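Naming: A, B, ... by sequence-line order, numbering from 1 per chain. None of the values given here were measured: they were computed from a predicted structure.
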Amino acid sequence: MSKHICNNIRQQLPDYLDGKLGEREAERMRTHLTDCASCCAEAARLRPLMQDLLPAAREGSADVDWGRFLADVNEGIDARGTQKKSAFGVHPGFALVAATVVFALIAVWMLLRPFSGNNASDPLLAEDLFDAREIETLTSLTGDAATDLPGSVTDASLPPSSLTVISEEITDVADDELLEIADAQIVDALGEDEAVTAGMDYLSDAQLLESLSEDDVTLIASLLESENFMTE
Amino acid sequence: MKQEQSEEDLVAASRNGDRAAFSRLVRMHQERVYWVVRRMVGDHDDALDLAQEVFIRAYEKLDRFRGDARFFTWLYRIAMNMTLNHLRRAKLRSFLPLADHGDAVEEHDPGPAEQLESEQLRELITDAIETLPEKQRAVFVLRYFEELPYEEISTILHTSTGGLKANYHHAVRKIEHHVKAHL
Ligand SMILES: [Zn+2]
């Protein structure tokens, strides 16, 4: 049995066992499973989980006062509405944004290291990560704040600590947008297959921290500690 | 009462500052948003906070919603971004020497003997899900619990559909492995 076919089949096994395949695909699956011992073994292995154990986890109950939930949401909107006007300077979301910027950029920067060393045929250059398109995106998000970025960020030797300087220039970017950009860049950089086999756990924080200097860790910690966005 | 207002109308009204319309959108989607977040983070209180934040954020950014995806898909995206962000920072915190990680190692009480077996099973599954890398967890939650098509998952997670099936399969395998080891 071709390895490629088996790979495809196996990727569909959870959906098959969960009854999510269309009739044609299910038929193809059944045929393959009667012919292929190793895929059949894999199916047997996953069947108890997919058909007995997981369904029990589907039913969950939570004790939530939804009226209160809505009231809290509205309160949050009101509170944020007034804070939004205070714009520059001591922006309450700033610390969070800064932390995320540092984090996201460091993560991207980190990718330059393991790969450029081990994979000489395809060295990852900073230009690959921060190409014109990405800069454009960033610029459109941040306005003038990002216009100074290209020169400094495309320098592959940029130490993580310098990134805080950049983060200070970006005061008004939503964290999730930055993360999206960072994610897209990382997946781009890894190549999709690699990102998948890495479990897409591309932000290997332990690895990341191992390679950071103590100062950087302290810096990130203080940024995280000072953000009051999520914890309050 | 105009009960027949479509979701589109409600979104448009909310965008113009109609808070009553937005409240209706919240009521329509609050439980699903809560559950998708809850399944990602495991903890009820964190999930409540995050889910509320999702709606607050959605209201603030409503003018960015272009209507090329369903409103709920867009909400899911915000929810997933915020949740992944939350998980990353929680994980980072647990590695930081300066942070107090009193709750990093969570001791699970064995629980009273009369505790329902299915409840234990649910906990075991929850634990297993928590061992997954964040994005894999996201794929698993969206596919298994939310039963979304891969195309929609790719929109929510901002990835191509290519690797999603493989991701889902990996997630299921890891959960199987964890469950088998702890049963
Ligand atoms: Zn096979």
Region of [X] that comes under 4.5 Å of a non-hydrogen atom in chain A:
| X | answer |
| --- | --- |
| B:A171 | neither |
| B:V179 | side chain |
| B:Y144 | both |
| B:R38 | side chain |
| B:L48 | both |

Using side-chain heavy atoms (C-beta onward) and a distance below 4.5 Å, is [X] in contact with [Y]?
| X | Y | result |
| --- | --- | --- |
| B:V26 | A:F69 | yes |
| A:V64 | B:Q30 | no |
| A:Q11 | B:Y168 | no |
| B:F140 | A:P14 | no |
| A:I77 | B:F22 | yes |

Name the member of B:Q52, B:E31, B:K180 that forms the most heavy-atom pairs with chain A at distances under 4.5 Å.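 When all of B:Q52, B:E31, B:K180 are compared, B:Q52 has the most.
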First locate atom [atom1] of [X], then atom [atom2] of [Y], and finally report the distance between them rounded to the nearest 0.5 Å.
| X | Y | atom1 | atom2 | result |
| --- | --- | --- | --- | --- |
| A:W66 | B:Y34 | CH2 | OH | 7.0 Å |
| B:I56 | A:D78 | CD1 | CG | 9.5 Å |
| B:H177 | A:R45 | NE2 | CZ | 7.5 Å |

Looking at B:R27 and A:L70, would you say the former's side chain and the latter's main chain have a donor-acceptor pair under 3.5 Å?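 Absent.
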Between the side chain of B:R122 and the main-chain N/O of A:A56, is any donor-acceptor distance below 3.5 Å? yes
Do A:E42 and B:H169 have side-chain atoms, one donor and one acceptor, less than 3.5 Å apart?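 Yes, side-chain donor-acceptor contact under 3.5 Å.
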Contact part of A:N74 toward chain B, heavy-atom cut-off under 4.5 Å: side chain, backbone, both or neither? both
Closest non-hydrogen atoms of A:A57 and B:F145, given as atom of the first, atom of the second and distance, are O-CE2, 3.5 Å
Between A:R58 and B:R39, what is the shortest heavy-atom contact and its length?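 Heavy atoms only, the tightest pair is O-NH2, 2.8 Å.
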Set out, in order, the CA-CA distance, both residues' side-chain angles and the distance that settles salt bridge (Lys or Arg N to Asp or Glu O under 4.0 Å) for B:E53 and A:R80, then state yes or no. CA-CA 11 Å; B:E53 192 61 36; A:R80 211 64 60 77; 3.0 Å; yes
What residue in A:L53, A:N7, A:D18 has the most heavy-atom pairs under 4.5 Å with chain B?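 The candidate making the most pairs under 4.5 Å is A:L53.
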Do other residues, nucleotides or ligands put more than 12 heavy atoms under 6.0 Å from B:E8 CD?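 Open: at most 12 neighbouring heavy atoms sit under 6.0 Å from CD of B:E8.
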If the threshold is 4.0 Å, N to carboxylate O, is there a salt bridge linking A:D15 and B:K165?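 Looking at B:K165 together with A:D15, the answer is no, because their closest N to O distance does not fall below 4.0 Å.
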